[in-house]
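Computed from a predicted model, the values in this text were never measured in an experiment. Computed from heavy atoms alone, side chains included, the values below leave out hydrogens, waters and symmetry copies.
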Amino acid sequence: MFHKVPLFAELTAEQLSYIDAGARVQSFPRSAVIITQGDVSDSLFILLSGRLKVYGAGENGREILFDFIEPYGFVGELSLLDGQPRSASVMTMEASKLAILSKEHLLYCLERYPAINLALLKNLAERSRSLVEKVSDLALLDVYSRVVNVLIARSRINTDPHNTAKSITHQELANLVGASREMITRILNDLKKGGYISIENHQIMLISQLPRRW
């Protein structure tokens, strides 16, 4: 079950079977809240199928979208390591199946298999770097430039040969870049009219190189 999870990529089949034995697999419907910001919990969640979003809520109730989790990604590691309340909420965006590892089992695995520690540190470093880049974008780039960065990044992580960005709604894109839905709709409509993108079923296909200025 875990052989495709990057966190456990360096483990042997025997070691993977030990981790698997301590996991609980659970299915969730669309729009199920897996983690609630501020809660105290003691589990690591590994996405086996489906899709998750990681988000927070501002003081005005507006949703702040931090990231999407694709299959074999994981969430919940920070609270396990520092014992603090959850820093963000996590919700399913479609019917999803997750493997749930208790804190006790995971910490024992970290102690027993050092390779997991290195993979976990690498993942934390990647997420920290990504956070710095997002903060820099919010501070230094205009809305259009932030939209372009998101579309290019989401098309790069997709193996679709037609360079289709992973499915995303206008509101989700707005929450990611810190803009209004109306502004995002205007930008996407202009890019579509200009022949740079096409949009179908919330999927944005990049047809040609996106212009540097809007």
Sequence neighbours excluded, which residues qualify as side chain to side chain contact (heavy atoms under 4.5 Å, CB included) partners of Ala119?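 If we apply the side chain to side chain contact (heavy atoms under 4.5 Å, CB included) test to Ala119, skipping adjacent residues, the hits are Leu7.
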Looking at residues at least two apart in the chain, or sitting in another chain, which of them share a side chain to side chain contact (heavy atoms under 4.5 Å, CB included) with Tyr108?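 For Tyr108, the residues satisfying side chain to side chain contact (heavy atoms under 4.5 Å, CB included) (neighbours in sequence not counted) are Tyr18, Arg112.
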Any Leu173 side-chain heavy atom under 4.5 Å of Leu188 side chain: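 Contact flag for Leu173/Leu188 side chains = yes.
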Holding to ring pair (Phe, Tyr, Trp, His ring centres under 6.0 Å), I want the full list of residues that pass it with Tyr72, two or more places apart in sequence or in another chain.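 Tyr72 satisfies ring pair (Phe, Tyr, Trp, His ring centres under 6.0 Å) with no residue once adjacent residues are dropped.
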Shortest non-hydrogen contact from [X] toward [Y]:
X      : Y     : value
Leu65  : Val54 : CD1-O, 3.5 Å
Ser96  : Leu52 : OG-CD2, 4.3 Å
Ala115 : Glu10 : CB-CB, 3.8 Å

Can you see whether Ser145 engages Asp142 through a side-chain donor-acceptor pair at a distance of less than 3.5 angstrom?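 There is such a pair between these side chains.
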Rounded to the nearest 0.5 Å, how far apart are CG of Asn189 and NE2 of His170?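 One gets 6.5 Å once the value is rounded to the nearest 0.5 Å.
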Rounded to the nearest 0.5 Å, what separates atom CG in Asn175 from atom CZ in Arg181?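 Going from the CG atom of Asn175 to the CZ atom of Arg181 covers 10.5 Å.
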State whether the side chain of Thr92 and the backbone N or O of Ala32 hold a donor-acceptor pair below 3.5 Å, judged by distance alone.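 Here the side-chain-to-backbone pair exists.
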Would you find a donor on one side and an acceptor on the other, under 3.5 Å apart, between the side chain of Arg86 and the backbone of Ile35?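 Not confirmed, Arg86 side chain does not pair with Ile35 backbone.
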Trace of the side-chain contact (heavy atoms from CB on, under 4.5 Å) decision for Phe66 with Ile64: CA-CA 6 Å; Phe66 297 127; Ile64 304 169; 3.6 Å; yes
